[in-house]
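Have a look at the structure below, then the notes.
As the structure is a prediction and not an experimental result, all values here were calculated from the model.
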Protein chains: 2
Amino acid sequence: MDVTAQKNELPTLEDVAKAARVSTATVSRCLNSPDRVSESTKKRVMEAVRDLKYSPNFGARALAAKKTNTYGAVIPTMDNAIFARGLQAFQQVLVDNGATMLVASSAYDPEIEENQIKTLIARGADALLLIGTDRDPGIHEFLRDRNLPVVIAWACTTEPALSCVGFDNVEASRQLALKALDLGHREIAFLSAFTKSNDRARNRVIGARKALEERGLDPSSMPVVETKYSIRSAREAFGALVRRSPRPTLVMCGNDVLAAGAVQEARDMGLDVPGDISITGFDDIELATVIRPALTTVHVPHRKMGRLAAEVLLDQVRHNSGPRHITLDTHIVERASLGPAPALCRTASLPL
Amino acid sequence: MDVTAQKNELPTLEDVAKAARVSTATVSRCLNSPDRVSESTKKRVMEAVRDLKYSPNFGARALAAKKTNTYGAVIPTMDNAIFARGLQAFQQVLVDNGATMLVASSAYDPEIEENQIKTLIARGADALLLIGTDRDPGIHEFLRDRNLPVVIAWACTTEPALSCVGFDNVEASRQLALKALDLGHREIAFLSAFTKSNDRARNRVIGARKALEERGLDPSSMPVVETKYSIRSAREAFGALVRRSPRPTLVMCGNDVLAAGAVQEARDMGLDVPGDISITGFDDIELATVIRPALTTVHVPHRKMGRLAAEVLLDQVRHNSGPRHITLDTHIVERASLGPAPALCRTASLPL
DNA sequence: TTGTACGCGTTATCAA
DNA sequence: TTGATAACGCGTACAA
């Protein structure tokens, strides 16, 4: 046993009180409401604080004050540019307001998400950021019972007890599909992220179906393949989609990463994008601008969403204001990967 | 004042104890050392826990146990794939071990970093993950005094009190430069991230210089431009570098994002990569495989680094083991963006 | 195997 | 303006 490795005892309020020859209550006041303390003693106390390098114990403080100044966020994964970006903005606002962020990730697993939510609550989170709406309603109830401010991000909800800062995934996807239909595409396939427990992914498919229906096409005839969030999986899934007959003239992808994989695979198959086949993305991350052809995609204001989510939560906690429902605008960014549908007769002559 | 907005009282250990008709001590034991409790009572207690949706109060627990089971991480920004990826792995290991991660970001500012470190300590972090070695030595001292386990990631240190899980940035960059020199490149320029307070960026430049020197070239003649982490800035910086005379035949970039920007700009300038000019990256993120030409770059095991960092820290905290210094291997991934140096005579006939 | 009782470091109430 | 002192919720000797 290495005796030298014992953790040094940190100074406590009491140590400071002794050093400054005052009571612990006075020290506490000096730190929390300095105006209620005389200048002279304040000076003495602050000096002791500095001398001892005192820093208040968070646990004790949380226990006594029943407030932690901590905001929790549960996201599917940090290893996804859109969430990382949004969270960075979320945290920035919190830090600027003297608060702390606690992150946890759920790996897209509802059960893990539930656990993480409980963990964050146990740790005294004053409010929570959650992604999307797909979860056991019991959880929302649980949260409501606790009267804990919650903001849903990346999606909208009408649930009155919950705040949201999101956008309309269905509508955005529908608009994009309509644009493609206007370009003459009729054989449209969808390359989606897994839709189970993922309302964003599901709604993007739904939006496309809606557009088809509006134009008198059969929405159920649209082939949909679900795959995991990675370039490699996207390539495989794209391959499967393209080998179908009739071959799609457009593959809409649930996000830019999948679209990037699709573009790669298309090129490797000898298909010209968008000459032989069009591909669209969703999210508008940097990747979309960097590949060739650059992606036509839906621009989503990820940073703004993170920022607003923090502001909404801060407001609910600090000013006891009610839930807010914010729907942000998205817009289509036209780049090169979506073009007019190729003439039908070409289909037969294409490489495998 | 909205009376309905009062936070409901959370159930406590005592509530559970009452519901299960046992003492609080027994409930506590059920949760912390289940083997010291009989099956029958355990069952009863767990049921009560579920019924009441009980979840232990973190503050109280920390206070009583003098341990928070919390591991802090201070990174420059989450909005960078490599840190996001590493952190995700870091957190995964922690969660698997029943621990929690606390993240804070410093925005590459040493002063903010220092504050964040103190915040995390105040919040009872049992250990800390820090990126790189560039910081006021006073901080390391402070940490050592507190006997708080610290792991440095993305770089190595010989500081005996600190653990590290990193790789040799100098050496990796040197190897890449040597490979380029072997391909005949003599006019090499470096497009770097800001090197102030960033030992990783600085060491990558140093590695290239070292290689030049070994081959009898003047290292100080290598042009270096520093720019911020974004495609757009990289494009501008690349443009400036290329307009120099003699025009470089290779632009080494401090990371893949900068390299992606460089490749884009080169193509827009009508330069063939690597025919007219070669470009290399560093990190090997997905982006590197997706752009054309794909990047020749240095592969860094980001996830593994995060995983190991967590394991090292867990080990130090739970088994009181000493600091460990782990150096991971990197390797060059040869793709298309680095080719042989073009013949000198071509220089004059190039566009622009 | 289970229960009793104390202490952890802070805030907040009430007197002085 | 200051000082006692009672919570806050949990872990853990120690006792039963």
Side-chain angles (χ1 to χ4, degrees), chain A residues 7-46 48-49 52-70 118-119 121-126 146, chain B residues 6-46 48-49 52-70 98 121-126 146:
Chain A
K7 200 180 261 189
N8 291 344
E9 295 303 324
L10 295 177
T12 72
L13 245 204
E14 199 175 344
D15 296 328
V16 177
K18 271 179 191 151
R21 315 182 124 262
V22 295
S23 73
T24 59
T26 301
V27 179
S28 175
R29 273 187 293 258
C30 274
L31 268 34
N32 300 307
S33 32
D35 1 324
R36 308 182 69 80
V37 152
S38 79
E39 279 305 323
S40 56
T41 56
K42 198 191 311 188
K43 201 165 190 172
R44 212 153 20 106
V45 170
M46 286 320 206
V49 167
L52 298 175
K53 302 190 179 179
Y54 168 78
S55 153
N57 178 300
F58 172 78
R61 188 173 249 189
L63 197 54
K66 299 195 161 199
K67 225 172 186 287
T68 60
N69 221 6
T70 296
K118 289 197 175 144
T119 303
I121 291 180
R123 299 185 67 96
D126 290 339
R146 295 227 168 337
Chain B
Q6 289 172 358
K7 201 180 260 189
N8 289 346
E9 296 303 323
L10 296 177
T12 72
L13 245 205
E14 199 174 342
D15 297 326
V16 177
K18 272 179 190 149
R21 317 183 124 262
V22 295
S23 73
T24 59
T26 301
V27 179
S28 175
R29 272 187 291 257
C30 274
L31 268 35
N32 301 307
S33 34
D35 1 323
R36 307 182 71 79
V37 154
S38 79
E39 279 305 322
S40 56
T41 57
K42 198 191 310 186
K43 201 164 190 172
R44 209 151 26 103
V45 170
M46 286 321 204
V49 166
L52 299 175
K53 304 190 182 181
Y54 168 77
S55 154
N57 178 296
F58 168 76
R61 191 173 244 190
L63 200 52
K66 297 198 158 199
K67 227 168 182 288
T68 61
N69 224 3
T70 295
I121 291 180
R123 298 182 71 91
D126 289 339
R146 293 225 165 338

Using a heavy-atom distance cut-off of less than 4.0 Å, which residues of residues 14-30 of chain A contact DNA chain D?
Val22(A), Ser23(A), Ala25(A), Thr26(A), Arg29(A)
Can you tell me how far CZ of Arg61(A) sits from CG of Leu31(A), rounded to the nearest 0.5 angstrom?
6.0 Å
Between dC8(D) and Thr12(B), is there an OP1 or OP2 to side-chain N/O distance shorter than 4.0 Å?
no
Take the protein atom CZ of Phe58(A) and the nucleotide atom C1' of dC8(C), then report the distance between them rounded to whole Å.
16 Å
Rounded to whole Å, how long is the line connecting atom CZ of Arg44(A) with atom P of dT1(D)?
15 Å
Whole-Å distance separating the CG atom of Leu63(A) from the C1' atom of dG7(C)
12 Å
When you measure from the side chain of Asn57(B) to the backbone N and O of Leu63(A), does any donor-acceptor pair fall under 3.5 Å?
no
Is there a side-chain contact between Thr68(B) and Phe58(A), using heavy atoms and a 4.5 Å cut-off?
no
If I take atom OG from residue Ser23(B) and atom NZ from residue Lys18(B), how far apart are they, to the nearest 0.5 angstrom?
13.0 Å
To the nearest Å, give me how far apart NZ (Lys43(B)) and C1' (dT1(C)) are.
18 Å
Using only side-chain N and O atoms of Asn32(A), determine if any of them is under 4.0 Å from OP1 or OP2 of dT11(C).
yes
Over 12 non-hydrogen atoms of neighbours within 6.0 angstrom of NZ in Lys118(A):
yes
d(CG, Asn69(A); P, dT10(C)) in whole Å
17 Å
Need one value for Leu13(B): base, sugar-phosphate or nothing, where a base atom within 4.0 Å counts as base even if backbone is also close, heavy atoms only.
sugar-phosphate
Taking only N and O in the side chain of Arg61(B), is any of them less than 4.0 Å away from OP1 or OP2 of dG9(D)?
no
Specify the separation, in whole Å, of atom NZ of Lys42(A) and atom C1' of dT2(D).
14 Å
Rounded interatomic separation in angstrom, taking NZ from Lys67(B) and C1' from dT12(D):
16 Å
Using a 6.0 Å cut-off, check whether atom NZ of Lys67(A) has over 12 heavy atoms from anything other than its own residue.
yes
Using whole Å, what does the distance between atom P of nucleotide dT11(C) and atom NZ of Lys66(A) come to?
15 Å
Could you pull out all residues at least two apart from Leu13(B) that satisfy side chain to side chain contact (heavy atoms under 4.5 Å, CB included)?
Thr24(B), Val27(B), Ser28(B), Tyr54(B)
So what does Tyr54(A) touch, heavy atoms closer than 4.0 Å: a base, only the sugar-phosphate, or nothing?
sugar-phosphate
